[in-house]
Amino acid sequence: MRTKLFLVLFFLCVAAQAQYFPPNGIYPDAVFAERFKTVRIHKAGWETSYAVGHIDDENPLMLSFDELAKTARNYSYTIVHCDADWRQSRLSINEYMNGFPNNQIRNYEYSFNTLTHYVHYRLMIPNEDVQLKVSGNYVIVIFEDGSEDRPVMCKHFRIAESAVVVSAAAGRARLTALQDERQQVDFTVRSVNYPIDNAYQDVKVEILKNGDPNTSLTGLKPLFVRQNEIDYRHEKATVFPAGNEYRPLDLKSTRYSSTRMTAVEFEQSAYHFYPYTDEPRNTSRYLYYEDFNGKYVIQAEKASRPETEADYVYVHFTLRTLQPFDDGQVYVSGAFCNFAPSRETLMTYNPDKRQYEAVILLKQGYYNYEYVFLPFKKPAVVDDTLLEGSFSDTENDYLIFVYHRGRSSRYDRLVGVSVVNTLNKK
């Protein structure tokens with residue numbers, strides 16, 4: 001009996017030591033190996049939706065990714081509940097979900113009739129192995145079997161409830177000095193049947209523009225608190241650089257060039273797409289056209305199942321500038337890279353052609369992208385206006401997340417969510 005008890009305790013200790021803990025305590029939304037591509041999480045059947053589910057929603061979230069390989073590997077995952085700042089919450093696993101701590105990803109398929117071999121993996125949340133019990137921030141940590149302390153990726157998602165009503169509007173900034181380049185987000189939180197004793201201390205709010213983590217605005221305090229209503233209609237605190245519409249990129253066909261493509265060529269066992277050289281838009285006039293707000297969809301000509309029939313192609317991005325920047329670097333950005341500057345999206349300057357250049361491997365589809373600037377100075381903040389400009393007429397989504405932790409609670413409940421569009425079309 002003592003031997004069995006010792007073995008149980010031993011394996012529990014080993015499992016605890018093997019669990020992944022981020023160095024600074026904050027779980028990243030990141031992919032740690034370049035062989036993984038097209039990593040995204042959205043509502044099943046809705047590619048351009050945000051990674052937000054509802055505690056009572058029967059439509060699951062779907063995580064999918066490709067591994068550039070000819071054979072499948074054994075990948076498993078664990079789900080970590082986090083507070084509003086993406087640090088692990090104080091809840092134990094059995095408090096926030098039903099199911100086993102670690103589960104295998106069983107749903108995968110091999111690419112079909114593609115030049116680049118890859119394995120396509122899919123995971124639904126919830127599923128027969130995992131059912132979530134509480135709202136809040138979550139992280140899916142994926143690792144190869146036996147390497148729980150060395151994950152291959154971490155992906156953020158949120159599960160909301162409807163305890164409060166978030167009423168919001170977004171549009172041109174109210175202050176005259178900001179009206180040409182910035183947008184304002186106004187919102188109130190109504191809690192008729194949900195008591196909030198101390199809104200100034202117990203409520204946390206985060207706002208994102210188009211789901212871009214670089215635009216995260218936190219630390220907001222209410223302007224007024226009335227009976228059953230929390231007012232966040234600030235004059236300056238909820239103002240964002242408006243940015244510009246995203247640039248379109250059509251990679252669906254390898255036979256025909258789209259309107260913004262100079263050529264599609266077959267080189268070294270892969271297709272290469274050459275879009276027209278882009279120009280900075282910070283000094284040009286604003287021009288509206290419908291975009292996906294940085295997102296993308298996977299499509300391929302004549303493909304009935306693009307998730308496994310779409311190929312990977314090389315895209316040659318070029319951006320004309322007379323001189324290189326000596327105080328920072330230029331990147332191609334969008335949801336395809338989770339808006340994160342990386343070695344894969346870094347552009348290098350070609351002095352002979354006076355342009356920045358980058359070659360990025362992307363799965364066939366329709367993409368939105370932009371050019372961002374990352375200064376060398378610390379703290380380095382991604383700037384999407386230096387090269388793209390900022391115009392208050394730009395169409396944007398603003399996501400508002402409202403968290404609440406009462407005195408007796410041990411975690412941040414995501415009690416309300418609102419997605420407001422500046423054109424009120426989404």
Side-chain angles (χ1 to χ4, degrees), residues 177-183 209-210 212 214-215 240-251 257-265 267 271-294 296 313-362 366-396:
L178 305 177
Q179 286 185 350
D180 291 337
E181 300 179 355
R182 294 183 178 259
Q183 292 176 338
K209 185 177 75 173
N210 298 327
D212 182 352
N214 299 303
T215 67
F240 291 76
N244 206 339
E245 308 296 349
Y246 286 85
R247 302 174 191 254
L249 178 67
D250 189 348
L251 307 177
S257 298
S258 64
T259 55
R260 298 189 69 253
M261 201 71 58
T262 62
V264 178
E265 299 179 0
E267 305 171 14
Y271 283 99
H272 291 248
F273 283 67
Y274 294 87
Y276 283 103
T277 298
D278 287 316
E279 301 283 348
R281 299 187 294 176
N282 56 328
T283 58
S284 60
R285 296 178 59 186
Y286 170 75
L287 177 65
Y288 171 77
Y289 51 86
E290 190 171 357
D291 64 2
F292 288 157
N293 289 333
Y296 63 99
V313 300
Y314 290 95
V315 183
H316 295 250
F317 293 92
T318 53
L319 174 68
R320 195 185 318 278
T321 60
L322 296 179
Q323 297 291 335
F325 295 98
D326 57 8
D327 56 345
Q329 294 176 311
V330 177
Y331 295 83
V332 187
S333 185
F336 71 90
C337 64
N338 198 34
F339 303 95
S342 69
R343 183 177 65 177
E344 295 177 88
T345 60
L346 174 65
M347 307 192 81
T348 57
Y349 191 75
N350 185 332
D352 295 329
K353 296 184 177 181
R354 291 192 171 185
Q355 64 186 24
Y356 277 95
E357 300 173 345
V359 182
I360 302 176
L361 186 65
L362 295 175
Y366 188 84
Y367 288 76
N368 279 179
Y369 71 98
E370 64 179 354
Y371 296 105
V372 300
F373 177 77
L374 185 65
F376 292 130
K377 67 179 182 180
K378 304 296 182 181
V381 179
V382 173
D383 185 350
D384 65 347
T385 64
L386 180 65
L387 293 163
E388 300 292 355
S390 187
F391 306 93
S392 58
D393 290 329
T394 302
E395 178 265 331
N396 288 310

For the atom pair [atom1] ([X]) and [atom2] ([Y]), what is the distance rounded to the nearest 0.5 Å?
X	Y	atom1	atom2	result
Lys209	Phe240	NZ	CZ	8.5 Å
Glu279	Thr277	CD	OG1	7.5 Å
Thr345	Ile360	OG1	CD1	6.0 Å
Tyr371	Thr321	OH	OG1	11.0 Å
Arg260	Leu249	CZ	CG	7.5 Å
Asp180	Arg182	CG	CZ	12.0 Å

Would you call the rings of [X] and [Y] parallel, tilted or perpendicular if under 30° counts as parallel and over 60° as perpendicular?
X	Y	answer
Tyr366	Phe292	perpendicular
Tyr296	Tyr367	parallel
Phe373	Phe325	tilted

Criterion side chain to side chain contact (heavy atoms under 4.5 Å, CB included) on Gln329 and Phe376, from CA distance to verdict: CA-CA 8 Å; Gln329 294 176 311; Phe376 292 130; 3.6 Å; yes

Between [X] and [Y], do the side chains contain an N or O donor and an N or O acceptor separated by less than 3.5 Å?
X	Y	value
Asn210	Asp212	no
Tyr349	Gln323	no
Asn293	Glu395	yes
Glu357	Asn350	yes
Tyr369	Asp278	yes
Asn244	Glu370	no
Thr394	Asn396	no

What's the shortest heavy-atom distance between [X] and [Y], and which atoms?
X	Y	answer
Arg281	Glu245	NH2-O, 2.6 Å
Thr385	Ser390	CG2-CB, 3.8 Å
Pro280	Arg320	CD-O, 3.1 Å

Could you walk me through whether His316 and Phe273 pass the side chain to side chain contact (heavy atoms under 4.5 Å, CB included) check? CA-CA 6 Å; His316 295 250; Phe273 283 67; over 6 Å; no

I want to check something: taking the side chain as every heavy atom from C-beta on, are [X] and [Y] in contact at a cut-off of under 4.5 Å?
X	Y	result
Tyr331	Leu374	yes
Pro275	Thr262	no
Gln183	Asp393	no
Leu319	Leu387	yes
Phe317	Met347	yes
Glu181	Ser392	no
Leu251	Leu362	yes
Thr318	Tyr274	no

Hey, does the side chain of Asp291 reach the backbone of Tyr246 with a donor-acceptor pair shorter than 3.5 angstrom? yes

